[in-house]
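Here is the structure we will look at.
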Amino acid sequence: MRVHGTCHHDCPDSCGWVVTVEDGRAVDMSGDPEHPFSQGELCPKVNRFLDRVHSPDRVLRPLRRVGAKGEGRFTEITWEEATSVIADRLHSTIANHGAEGILPFSDAGNQGMLALSGISSRFFHHLGATRLIRALCGPTVGAGVRMTNGSSLGFDPLDLEHSKLIILWGTNTRLTNRHLWPTIESARGRGARVIVIDPLRTITADSADVFIQPKAGTDIAMMLAMMNVIISEDLVDREWIDEFTLGFDELAAHVAAWSPARAAESCGVESEAIISLAHEFATTRPAAIRTLVGPEHHENGAMFFRTLACLPALTGAWRDRGGGLTRSVGSWQEQLIDEAALDRPDLLAGRSPRVINMSRLGEALTEADPAVHDLIVWNANPMVTIPNRELVRQGLERDDLFCVVHDQFITDTARYADIVLPATTHIEAVDVVPAWGHLWLGWNEAAIEPLGEAVSNTECFRRIARAMDLTEPSLYDDDLTLIRDALPTVDIDNLREEHRLRVPYPESGLPWADGGFPTRSGRVEFASEDLEALGHPRLPDYTPPREGPEGPLADRYPLQLLTPKHHLRFLNSSYTHLPGHGDREGGPFLEIHQVDADARGIDGDSTALVHNDRGSMSLPVRITDRVRPGTVVVPWGWWADQHPDGNVANSLTNDTLTDWGGGVAFNDTLVEVRRSA
Ligand SMILES: Nc1nc2c(c(=O)[nH]1)N[C@H]1C(S)=C(S)[C@@H](COP(=O)(O)OP(=O)(O)OC[C@H]3O[C@@H](n4cnc5c(=O)[nH]c(N)nc54)[C@H](O)[C@@H]3O)O[C@H]1N2
Ligand SMILES: Nc1nc2c(c(=O)[nH]1)N[C@H]1C(S)=C(S)[C@@H](COP(=O)(O)OP(=O)(O)OC[C@H]3O[C@@H](n4cnc5c(=O)[nH]c(N)nc54)[C@H](O)[C@@H]3O)O[C@H]1N2
Ligand code: SF4
Ligand SMILES: [Mo]
């Protein structure tokens, strides 16, 4: 039997796959050649997905902790025992401290629609638990673009096929969005040029026609100077500006002060390079800017994207198919989803529980008032993925904290759990996957029965609800009912049969050619009263990060640390612990420029201590010319026991929130490095 599914990872590609099942066992998995985006290819992570499914390390029964928190010693218990312990504890927290003492914590470990929300949201709404802001990945980009365009919608990335200039601005396409690369190569075959802008010379930068390497967090200065050049040399599209934008004169006056020479000082890119970038962008048609997530992880992350979104409006790039800005297309998909029907916020019944930002988990567990008593984690591994992780660890070590983790493995986070619940993998549960890198909504059929006693996220919360004797009927809706309710306009039987459907998108491929921007003015807002009302500059503006080379900490910690996605065989914190993945990537390391290494007596055979006030870690050194002097890199995703001293990249990272949008400034992290061996 061959069963079709759609990859669930938090990855823009949402590839189609086909699982071959014999006697109830999955014996093969391969890319679905009919998938329009992934075209039969999976990636080096998911090529070995069945090893993940059948891994001897899978958690297949509920577990109760018997060792100290963090030690990772557990004993098997029944589902009945597990859910009754959880039910008793949640009831007692609600009775003694109120439901806000419960913190649900989840991310996009499985970004299927049901895995992400549905029963879990209903359950916590019904209890009146603390609400979590999930803003680690993407919301800041959307919030920034929305302040300019009123909407975060960009164009279909496959239309890059038509582009003659493609600027990959802070995205590592060949690594993080690999199935888009053939489209870019095909545009190139027809004469398109590719420019990569990144503080790190990535594998994507290696393939570019032009590589521009600003200091991280400074691109806004470069964008302002581009606008300065485009306006002062009258390379603007006057007609488009008059018809569809607001505040051009104000913007023009403002960017007049941003000469390329001034920007060059901030971002470290020569003024000539900024000028030619401006010329090329303004004089090539169609000209596209492609971006994903990386640059949002700065204190000025939302302003980055608000400013970036001004560029295509100045030059009228939106007129052309393959011109304008293309980023996550999640919002096109979400138009099909009736979120209220899926998540049932009405179950809050007029209550308005507090909200906690996931990036501040450490603070929430150690300082929140009222305190967090119970932490329920699924779809997430915060001990590896959340900044300022030493504070997260302190919180998880609290004796009086009750922690439940629902996962497929004993992750670094699960080691701190009182109860671990076994989770299915994506071939064991039905779901629908809304992609954010292309326009196909994918069906995911369950190919095999759940292994052991593993359950899907929906079933997990149904079981906890039942153990708590909750009588709200919608907590017990089955998966197909949830899918039908959440996708009211979709023919579900057809979706299931066809394995996917293309979400509505303008046939012309021109989302904004005729304006219709849903800002208050109905125009692209170069000047924004809404931003001003929120206490931000009304015009695009560059503020250097406080934890940056121009900030007060730079004397003690002169090096800027980037912790990007780096490994072909890793997907965030997943896979690092599996054979064929972590072992083949060779272990964590510090990349440092020769100049910075020499200044510290470090060479390629050294071990270095990377440290700041939040934490420290020892790592083998790699001397590199992929970064500028002043920047160091520690690839992220490794677990504690793969690091020499048990600390991970996020032990060092900054948990300051972004200017708006609720994201976090991982990349504004200053450190010092010294030789340790
Ligand atoms: N320093 C640094 N930190 C970062 C980033 C960075 O670039 N640098 N990137 C950030 C970004 S963009 C993101 S998206 C986050 C990612 O953070 P996470 O979403 O937490 O990371 P993942 O490894 O994708 O998935 C977390 C867990 O979900 C589990 N899981 C998978 N499927 C299921 C399921 O069906 N049910 C349940 N219950 N669990 C499941 C996996 O086993 C895994 O342990 O990390 C962020 N953290
Ligand atoms: N192989 C693999 N693929 C993945 C993932 C993975 O872990 N491994 N993770 C998935 C997830 S969750 C996501 S969100 C996507 C993310 O996809 P991307 O956004 O493409 O990836 P990132 O590594 O987060 O960031 C991209 C680049 O932004 C750069 N950057 C950081 N700060 C700045 C800045 O100030 N200016 C500029 N111009 N660039 C900057 C980084 O150096 C990095 O090379 O990838 C997905 N795909
Ligand atoms: S992780 Fe991304 S590239 Fe790999 S199979 Fe899944 S969707 Fe495709
Ligand atoms: Mo992400």
Side-chain angles (χ1 to χ4, degrees), residues 133 135 138-157 159 223 237 239-248 250-251 288-293 296 301-343 345 434-436 439 441 488-489 502-540 658-663:
I133 300 181
T140 302
V141 184
V145 174
R146 253 192 313 278
M147 278 302 176
T148 298
N149 288 350
S151 155
S152 64
L153 293 177
F155 73 82
D156 176 1
D159 274 346
M223 296 174 205
D237 183 334
E239 216 177 289
W240 209 86
I241 289 173
D242 288 347
E243 203 169 348
F244 300 126
T245 72
L246 180 81
F248 174 74
E250 247 186 277
L251 179 74
I289 298 172
R290 167 69 177 171
T291 187
L292 274 183
V293 174
E296 84 166 15
M303 185 58 98
F304 176 107
F305 290 100
R306 183 254 190 290
T307 310
L308 192 66
C310 292
L311 286 168
L314 269 186
T315 59
W318 289 114
R319 283 182 193 275
D320 306 317
R321 188 163 201 155
L325 180 66
T326 176
R327 52 168 299 263
S328 158
V329 289
S331 315
W332 291 106
Q333 302 258 355
E334 281 153 20
Q335 293 179 350
L336 287 178
I337 302 175
D338 182 342
E339 266 183 44
L342 182 62
D343 293 343
W436 49 281
L439 292 168
L441 176 73
T489 59
R502 192 171 154 88
V503 306
Y505 180 75
E507 256 180 46
S508 62
L510 302 172
W512 303 119
D514 303 318
F517 292 94
T519 50
R520 256 193 311 141
S521 63
R523 289 159 170 264
V524 172
E525 298 196 343
F526 293 135
S528 163
E529 281 177 18
D530 288 343
L531 264 187
E532 194 171 28
L534 292 168
H536 300 290
R538 58 188 269 119
L539 290 159
T658 54
D659 37 7
W660 72 92

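Treat the numbers as computed from the prediction; the structure is a model and nothing was measured. The first residue of the sequence shown is numbered 1, and numbering continues consecutively from there.
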Should Phe244 and Asp237 be marked as a side-chain contact (heavy atoms from CB on, under 4.5 Å) after you check the CA-CA gap, both sets of side-chain angles, and the distance that decides it? CA-CA 11 Å; Phe244 300 126; Asp237 183 334; over 6 Å; no
Taking CD in Glu532 as the centre, count heavy atoms belonging to other residues, nucleotides or ligands within less than 6.0 Å. Is the count above 12? yes
Does a sphere of radius 6.0 Å around CD in Glu529 hold more than 12 heavy atoms from other residues, nucleotides or ligands, not counting ones at 6.0 Å or beyond? no
For Gly663, does its backbone N or O pair with a side-chain atom of Thr658 as donor and acceptor, under 3.5 Å?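 Such a contact is found between Thr658 side chain and Gly663 backbone.
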I need the [X] [atom1] to [Y] [atom2] distance, nearest 0.5 Å.
X	Y	atom1	atom2	value
Leu531	Arg306	CG	CZ	5.5 Å
Leu251	Leu314	CG	CG	6.0 Å
Met303	Leu308	CE	CG	13.0 Å
Ile337	Asp343	CD1	CG	9.5 Å
Leu246	Ser521	CG	OG	4.5 Å
Phe517	Glu525	CZ	CD	11.0 Å

Run the salt bridge (Lys or Arg N to Asp or Glu O under 4.0 Å) check on Glu243 and Arg523 step by step: do they pass? CA-CA 8 Å; Glu243 203 169 348; Arg523 289 159 170 264; over 6 Å; no
Can you see which heavy atom on [X] is nearest to which on [Y], and at what distance?
X	Y	value
Ala135	Gly661	CB-O, 3.9 Å
Pro511	Gly154	CG-O, 4.1 Å
Glu250	Ala527	OE1-CB, 3.6 Å
Thr140	Ala302	CG2-N, 3.4 Å
Phe526	Cys310	CE2-O, 3.6 Å
Trp332	Pro506	CH2-CD, 3.6 Å

Decide yes or no for [X] and [Y]: does some side-chain heavy atom of the first lie under 4.5 Å from some side-chain heavy atom of the second?
X	Y	result
Asn149	Trp318	yes
Arg327	Val141	yes
Trp436	Gln333	no
Met223	Phe304	yes
Arg290	Pro157	yes
Met147	Leu534	yes
Tyr505	Leu153	no

From the options Val503, Asp156, Leu439, select the one residue that forms a side-chain contact (heavy atoms from CB on, under 4.5 Å) with Val329. Leu439
When you look at Ile289 and Thr326, which way does the side-chain contact (heavy atoms from CB on, under 4.5 Å) test go after all the steps? CA-CA 6 Å; Ile289 298 172; Thr326 176; over 6 Å; no
Are His536 and Trp660 close enough, and set up right, to give a side-chain contact (heavy atoms from CB on, under 4.5 Å), and what steps lead you there? CA-CA 9 Å; His536 300 290; Trp660 72 92; 3.8 Å; yes
Can you list the steps and then say if Val524 with Trp240 is a side-chain contact (heavy atoms from CB on, under 4.5 Å)? CA-CA 10 Å; Val524 172; Trp240 209 86; 4.2 Å; yes
